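Keep in mind it's a predicted model, so treat the numbers as computed, not measured. The sequence lines fix the lettering, A, B, ..., with proteins before strands; numbering per chain opens at 1.
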Amino acid sequence: MNKENLIKLYRDMQLIRRFEEEVDKCAKKGIIPGFIHLSIGQEAAQAGMCHVLKKTDFKYPDHRGHGAIVLCGTEPKLVMAEIFGKKTGINGGRGGSMHINDLKCGNLGFNGIQGSTQVTALGTAFASVYKNNDAVSVIFMGDGTLGEGACHESINMAATWKLPIIYCLINNQYAISTHYHEAHPQKELKTWGEGYEVPSFRIDGNDVEAVVAAAEIAVQRARDGMGPTLLELMSYRWQGHFSGDPAAYRPDEEVAYWKAKDPLKITKERLLNLHGVSENDLLVIEQEVELIIKDAVEFSISSPEPDEQDGLLYVYADMEVQ
Amino acid sequence: MNKENLIKLYRDMQLIRRFEEEVDKCAKKGIIPGFIHLSIGQEAAQAGMCHVLKKTDFKYPDHRGHGAIVLCGTEPKLVMAEIFGKKTGINGGRGGSMHINDLKCGNLGFNGIQGSTQVTALGTAFASVYKNNDAVSVIFMGDGTLGEGACHESINMAATWKLPIIYCLINNQYAISTHYHEAHPQKELKTWGEGYEVPSFRIDGNDVEAVVAAAEIAVQRARDGMGPTLLELMSYRWQGHFSGDPAAYRPDEEVAYWKAKDPLKITKERLLNLHGVSENDLLVIEQEVELIIKDAVEFSISSPEPDEQDGLLYVYADMEVQ
Amino acid sequence: MSERIISFSKAINEALIQEMTRDDKVFIIGEDVGKMGGDFGVTSGIWTKWPHRAKDTALSESAIIGLCCGSAICGLRPVAEMMFADFIGVAFDQVVNNAAKLRYMFNGEVGAQIVIRAVQGGGIRCAYHHSQCIEPWFMNTPGLVIVAPATPAEAKGLLIASIRSDNPVIFLEHKMLYNNKGIVDEACEEMPLYKAHIECEGSDITVIAAMTMLPLALEASKILKKEGISLEVINPRTIVPLDKATILASVAKTGRLVIVQEGPKVLGYAAEISAMLAEDLFEYLKAPIKRVTSKDVPMPFAPKMEDYVLPKSSDVLRACRETMNF
Amino acid sequence: MSERIISFSKAINEALIQEMTRDDKVFIIGEDVGKMGGDFGVTSGIWTKWPHRAKDTALSESAIIGLCCGSAICGLRPVAEMMFADFIGVAFDQVVNNAAKLRYMFNGEVGAQIVIRAVQGGGIRCAYHHSQCIEPWFMNTPGLVIVAPATPAEAKGLLIASIRSDNPVIFLEHKMLYNNKGIVDEACEEMPLYKAHIECEGSDITVIAAMTMLPLALEASKILKKEGISLEVINPRTIVPLDKATILASVAKTGRLVIVQEGPKVLGYAAEISAMLAEDLFEYLKAPIKRVTSKDVPMPFAPKMEDYVLPKSSDVLRACRETMNF
Ligand SMILES: Cc1ncc(C[n+]2csc(CCOP(=O)(O)OP(=O)(O)O)c2C)c(N)n1
Ligand SMILES: Cc1ncc(C[n+]2csc(CCOP(=O)(O)OP(=O)(O)O)c2C)c(N)n1
Ligand SMILES: [Mg+2]
Ligand SMILES: [Mg+2]
C-alpha cells in the first residue's frame with residue numbers, strides 16, 4: 001500500500017480510537033444515556049473495510065459500529081450528538097448509540113437485533129441487481145451474531161443468487177462473556193462460509209493493510225456479480241462488552257497480548273520504519289483528529305435535547321400519532 | 001446385510017408404499033380431509049433410517065413422514081385413523097396428516113412449521129446428555145427445509161455441544177416447485193454440514209442397504225457422544241408436493257428416471273438374485289402387508305368422528321377451555 | 001361500471017399484474033410464487049411476464065421480509081407472499097422490529113413500503129399450524145397497517161392501495177375467500193385504506209365483521225330483520241388503523257355493538273374495538289358489547305372439531321338477540 | 001415471617017436456586033446466563049453450583065426455546081432467559097407454534113413446562129429494540145401463561161410457581177424493577193398463579209396496574225384520597241389468564257375502571273380487560289373505561305422523548321379524575 005493511503009488509514013483509525021475514548025469518558029461521566037459498545041481495538045477492521053467502499057455502497061455497522069459509522073461519511077459531531085441523544089444528532093436523538101443511520105452516505109447502522117441486518121442487506125444487494133448498478137452491501141457482524149438463524153438465511157440466499165454482499169465478520173472472540181469456541185463448532189468461523197461454497201478468508205483484522213487487501217478482493221467479486229465473500233477479521237475489543245463491563249471472563253494475558261497487537265501501533269511503526277514518515281507528521285494528523293473530536297463532544301454537550309414530541313414523528317408515512 | 005434384515009426392510013418399504021397408496025386413494029375420493037403429502041418413492045430412506053433406531057430414540061418425521069411414522073411403532077390403523085381425522089386416531093383427530101405423534105414409541109411427528117423440529121430435537125438430545133442415557137434424536141427433513149434459519153441454529157448448537165442428533169435430510173430435489181439448486185448454493189447439500197465440521201455424507205437414498213449402513217455409523221457416533229451427523233439421502237417423490245398436485249414443474253424424463261430407480265424394485269431384485277428369496281416368499285409378505293393396510297382403511301372409515309368438544313381438550317395442564 | 005365477475009384470487013392476481021405494469025419498482029417474492037404461480041395459484045402468469053420480478057425463494061421467511069425491507073430502502077415496492085400466514089411466525093422479528101420501525105429508524109427519510117400477503121384463517125382442515133389468524137400478533141406494533149378484504153372487489157382495490165401505500169401493509173387473504181366470486185371492475189383503481197364500509201344500514205345493533213365473518217353478519221341481518229331487529233353491518237376493511245369515525249358514528253346511532261371475529265377471543269382485534277367504544281362512546285351504549293369469536297384453542301384438524309371452534313351463524317344470532325333483549 | 005429485605009433481581013436468583021436445589025429436572029439456559037451469571041446478573045452463582053445445569057448458548061433464541069420444548073417432552077423443566085424480551089421476536093414461532101401448542105399436539109401426554117424469563121419494558125434509555133413490552137404479542141395464543149410480578153416477593157413466589165407449573169410461562173421481568181427492594185421470606189414458597197392481588201381497597205374507582213405501573217397507581221391512590229376519591233388498586237400478577245373473578249368483583253363494587261398499562265395502546269392488554277368488562281359487567285359501569293398507556297410509537301432513545309412516551313403519574317391522575325367526574 002502506498003504511503004498516502006496508509007497515512008489516511010492511520011488517520012481513520014486514530015479518529016475511531018479517539019472518538020470511542022471520548023464516548024467512553026462521557027458515558028462514564030453519565031452524560032450519555034443508555035449503554036454503549038466500544039470498538040477500541042478493532043479500528044483496523046473497520047477502517048480497512050470502509051476504505052474500499054463508496055458512498056453509494058450500503059454499509060451495515062452493528063452495535064459495535066461507531067467506528068465504521070464515523071468513516072461512512074456522516075460528520076462525527078452528528079454521530080456523537082446522536083449518541084448523546086441530542087436534537088442535533090443525525091437521527092434527532094431517536095436512535096442513540098445502537099441506531100445511527102445516514103442514508104446519504106449509505107450508513108444503515110440502525111438495528112439492535114442481532115442478525116437482522118444480515119437479511120436486510122439481501123434487499124439492498126437485490127436492489128443493486130434489480131437496478132443494475134454496482135453498489136455492494138457490507139454487513140459488519142461479530143462472531144457471536146453468527147449464532148442467529150438469519151445469518152444462514154442470508155448467506156444461503158446471497159450465495160444462490162450471487163448477490164453483491166460482503167460478510168465482514170469481526171471475530172473479537174467473545175459474544176459478551178462467551179468465547180466463540182464455546183458457541184460455535186468451527187475452529188475458524190470462515191469454515192461456515194465454505195459450507196455455502198462462499199469464498200471465505202480468515203485475516204489478521206489488526207493489520208489494516210491485510211484487511212484492505214482482502215476487502216478489495218471481496219468488493220471486486222461483489223461488483224463483478226460473483227456473489228458474496230466472507231471475511232473473518234481476527235481482532236479483539238479492549239474493553240468489556242459495554243462501557244463499564246469489567247469483562248472478568250477474559251484472562252489478563254489474553255487482553256495484554258491483544259493490546260500489544262494494537263492496530264494503531266502496528267500501522268504507526270510501519271509508517272515510521274517503512275515509509276519514512278516522521279513522528280511529527282503523525283502528530284499533525286493526531287492533532288487534526290483531536291480537533292474533530294473536541295468539536296464533536298462540545299457540540300454534543302451544548303446541543304439542546306430534543307422536544308419530547310419528536311418521539312412521535314415518522315411512525316407512519318401518512319398519519320400523525322397523537 | 002443379511003437376508004432376514006433385507007426381507008424385513010422390504011416388508012417395511014412395502015408397508016409404506018401401500019399405506020401411502022391407500023391414503024392417496026382415500027384423499028382423492030374425498031374421504032380424507034385437508035391436504036396430504038405422500039412419501040411414495042422415498043421408502044428406502046425412511047425404512048433404512050428407522051431400521052437402526054430403538055423405541056426409546058426420538059424420531060421427528062416431517063410433513064412427508066407417514067412412512068417413518070408407521071415404522072416408529074404406532075399401529076398403522078391408528079395412524080391412518082388420525083389422517084382421516086377420526087376419534088380413534090392416535091391423536092384423537094386433533095392433528096391429522098401433518099401432526100401424528102406417539103410418544104410411547106418416540107414418534108414426534110407433530111410439527112407443520114418447517115425447521116421447528118430441528119430446534120426441538122436439540123431438547124430431546126440435550127435431555128439424553130442431561131440424563132446420561134443413550135437415546136438419539138433423528139430429524140427427518142427435506143432439501144427445501146434447509147432454507148430455514150432454525151436449521152443453522154440447530155446444527156450449530158448440536159455440533160458445539162456434541163449432541164446425539166442425526167440430520168436425516170431426504171433430498172428429493174424439490175421443495176414444492178423449487179429445485180434445490182434454485183434455493184441453495186451447494187452442489188451437494190451435505191457441504192452445508194461440513195461448514196460446521198459435522199461429518200456429512202451423500203448417500204443413494206433409494207438403496208436401503210446404503211441407507212442402513214450410513215445410518216448405523218451416524219447413530220453409533222451419536223450414541224458414543226461424538227455429536228451430530230448429516231446424511232443427505234438422495235431420493236425423489238413420485239407424486240407432486242401434495243396428493244393432487246400435478247407437479248408440472250418437473251420434466252417427465254426426470255420422473256421416469258426416478259421411477260425406474262424404485263427402491264422396492266431394487267431391493268426385490270437383490271432378494272431374488274442375491275439372496276435366493278423366491279417370488280412367493282415376497283408375495284406372502286406383500287399379502288401380510290395388504291391385510292394390515294386393508295384393516296387400517298376399514299378401521300378408519302368405520303371409526304366415529306370425534307366429538308366436537310374434543311377440540312377443547314389439552315390446551316392447559318390445569319384449566320379447562322369453555 | 002362493468003359487470004365482470006371474477007374470483008377473489010383472480011382479483012388479487014389482477015391487482016398484482018396491474019401494479020407491476022404501472023410501476024416497475026413493484027416485484028413479488030416468496031416461496032413458489034414465480035414459476036408455479038403460488039401455492040394457491042394467486043400469482044400465476046407473473047413469472048412468465050417478468051421472470052426477474054417474480055422471485056422464488058428458499059424456505060426462508062426472515063430472509064424474504066428482510067429482503068423486502070432492504071429493497072424498500074432502495075425505493076422498490078416488494079410484495080411478499082406468506083404461503084400460510086402462520087409461517088410469518090419465523091419472520092416475526094423482521095415484521096415487528098424491522099419493517100414496522102424502518103421509517104422511524106430512518107428519521108422519515110425512507111420507510112418499508114412493502115406488502116406482505118398472508119394467507120390466513122381456518123376452514124380447510126389443515127389444523128393448528130396452517131389455520132391461524134395473525135392480526136393480533138401485530139396490532140400492538142406501531143408502524144404497521146393491516147388490511148382485511150372480504151370481497152373480490154375489495155381484494156383488488158385494497159391490494160392496489162396497499163402496494164401504493166408507503167407504509168408496511170400486512171394484507172390478510174382469507175383462504176376460504178379465494179374461490180368466492182364477485183363483480184370487479186377491470187379498470188378498478190385503489191379503494192381507500194383506513195375506511196370501513198357500511199354493508200347495510202340499520203338502527204338497532206351495529207355488527208362489525210371482517211373477511212369470512214362478514215357473510216355471517218349479513219345472513220344474521222336478513223334473519224333478524226324478520227324478527228324486527230335491524231342490524232347495521234360494518235366491514236372494517238382495514239383493521240389497523242381502525243376507521244374509528246365510521247364505527248363511532250354507527251354505534252352512536254344504534255347504541256349496541258356485536259363484533260364477530262375469527263380467532264381466539266383473548267386479545268383478538270374485537271377487544272380493541274370493544275375497548276375503544278367503552279372508552280369513547282360509553283354514554284351511547286344501551287347494552288354490553290359482545291364479542292363472537294372462535295374458541296380459545298389451537299385449531300383442531302377434524303372437520304367436526306374445527307367447525308365447532310369457528311364462530312357460527314347461530315352464535316351471531318344469539319349474540320344479537322341477547323344484545324337486543326338486554 | 002422474616003423481615004429480610006432483598007432486591008427484585010436477588011429474589012429471582014433465590015427462586016431459581018431454591019427450585020434447582022429442590023428438583024434436579026430444573027435447569028437454566030440462555031445467552032451468558034452461566035459463567036457470567038446473566039447480563040443483568042440475575043443468574044449469578046448458579047453456574048458455579050451446577051455447571052451442567054446452567055447452559056450458556058450461542059445467540060440462537062429459536063434454538064433456546066426449541067431446546068426447552070424438546071427437553072420438556074423428556075420431563076425436564078427448563079428456565080430460559082431472554083436477555084431482552086424484544087429478542088423473543090426471533091423465537092416467536094417457537095413460543096407460539098411449539099411451546100404453546102405442545103400439550104395439544106401431544107394429546108395431553110406431555111406439555112411444555114418451561115419458563116421464559118423475559119426482561120422487558122422501557123426506562124433505561126435503550127430505544128426501540130430493547131424496551132418493548134411483549135405480552136400483547138402472545139396473549140391471543142391459547143396455551144400460554146403470562147406472569148407479571150411487581151415486587152420482589154412476587155418475583156420470588158411467582159417464579160417458583162411458574163417453574164412448578166406444567167404450562168409454558170412467559171415470566172415478565174421489568175428491568176426498572178430489578179433494583180427495587182422489598183421484604184421477601186427466605187423460606188418463601190410459591191405464590192398462586194392466576195390470582196390478582198388487591199393492593200388497596202377502595203370504593204370509587206378500580207385501577208388495574210401491573211409491574212412498573214403499580215407504583216403510579218398507588219401514588220395516585222394516595223393523592224386522590226385527599227380529594228376524596230377512593231381507589232381500589234388491583235395488581236393482576238398474572239396477565240393470561242386474567243383473574244376475572246377478582247376484577248369483576250371489584251368493578252361491580254366501584255362501577256369505574258381505569259387500566260394503567262405500559263406499551264402502545266392499540267391492542268395492549270388493557271384492551272382485553274376493558275372488553276371483558278364491557279361484556280360482562282356493563283350494567284355496573286358508571287363511567288367509560290379508561291386506558292392509560294404508552295404512546296403508540298416505537299420507543300425513542302433520548303430521555304425526554306422516552307419519558308414522554310411512557311405513562312406518567314399525571315396521566316393516571318387525570319384519567320381517574322375524569323372518570324370520577326363523568
Ligand atoms: C437477537 C439478539 N440476541 C441477543 C442480543 C444481545 N446482544 C447484543 S450484542 C451481543 C453479543 C454479540 O457478540 P458479537 O456478535 O461477537 O459482537 P461483539 O459484541 O463481540 O462485537 C448480544 C448477545 C441482541 N441484541 N439481539
Ligand atoms: C416455515 C414454513 N415455511 C413454509 C412451509 C410450507 N411448506 C411445507 S413443505 C414445503 C416444502 C418443503 O420442501 P422439502 O423440505 O424439500 O420437503 P419435501 O416436501 O420435498 O418432502 C413448504 C414450502 C411450512 N410448512 N413452514
Ligand atoms: Mg464478538
Ligand atoms: Mg424436497
Discussion item. Under 4.5 Å from any heavy atom of chain B, what part of C:Asp39 do you find: side chain, backbone, both or neither?
Written reply: side chain

Fill in: Ionic contact status for B:Glu232 with B:Lys190, cut-off 4.0 Å
no

Worksheet, complete the sentence: Answer key: most heavy-atom pairs under 4.5 Å with chain C among B:Lys86, B:Gln309, B:His184 is B:Gln309

Worksheet item: Taking 4.0 angstrom as the limit, do B:Lys87 and B:Glu305 come out as a salt bridge?
Response: no

Discussion item. So for B:Ile32, is it side chain, backbone, both, or neither that comes closer than 4.5 Å to the heavy atoms of chain C?
Written reply: neither

Worksheet item: So, B:Gln173 versus B:Tyr236: side-chain donor-acceptor pair below 3.5 Å or not?
Response: no

Worksheet item: So which bits of residues 257-274 of chain C come within less than 4.5 Å of chain B, counting non-hydrogen atoms only?
Response: none

Fill in: Which portion of B:Gln114 sits near chain C, non-hydrogen atoms under 4.5 angstrom
side chain

Discussion item. Within the 3.5 Å criterion, strictly below it, is a donor on B:Ser243 or B:Asp24 matched to an acceptor on the partner's side chain?
Written reply: yes

Worksheet item: Just by modelled atom types, is the B:Ile113 backbone N or O under 3.5 Å from a matching donor or acceptor in the B:Ser116 side chain?
Response: no

Discussion item. Please determine whether side chain to side chain donor-acceptor pair (under 3.5 Å) holds for the pair B:Gln118 and B:Ser154, giving the CA-CA distance in whole Å, both sets of side-chain angles, and the decisive distance to 0.1 Å.
Written reply: CA-CA 6 Å; B:Gln118 275 73 359; B:Ser154 173; over 6 Å; no

Discussion item. Between the side chains of C:Glu322 and C:Lys290, is the shortest nitrogen-to-carboxylate-oxygen separation below 4.0 Å, so that they form an ion pair?
Written reply: yes

Item to complete: Under 4.5 Å, counting heavy-atom pairs only, tell me which of B:Ile176, B:Asp245, B:Thr145, B:Leu313 racks up the most with chain C.
Response: B:Ile176

Discussion item. Need one label for B:Tyr174: side chain, backbone, both or neither, based on atoms under 4.5 Å from any heavy atom in chain C.
Written reply: neither

Worksheet item: Between B:Asp310, B:Asp307, B:Thr178, B:Asn91, which residue shows the highest count of heavy-atom pairs closer than 4.5 Å to chain C?
Response: B:Thr178

Worksheet item: Is the closest basic N to carboxylate O distance between C:Lys35 and B:Glu182 below 4.0 Å?
Response: yes

Worksheet entry | salt_bridge(C:Arg117, C:Glu81) N-O dist < 4.0 Å | yes

Discussion item. Looking at chain C, which one of B:Gly112, B:Gly92, B:Gly85, B:Ala183 has the largest number of heavy-atom pairs inside 4.5 Å, strictly under?
Written reply: B:Gly112

Worksheet item: Do the charged groups of B:Lys104 and B:Asp102 touch, with an N to O distance under 4.0 Å?
Response: yes

Discussion item. Report which part of B:Tyr316 has an atom under 4.5 Å of a heavy atom belonging to chain C: side chain, backbone, both, or neither.
Written reply: neither

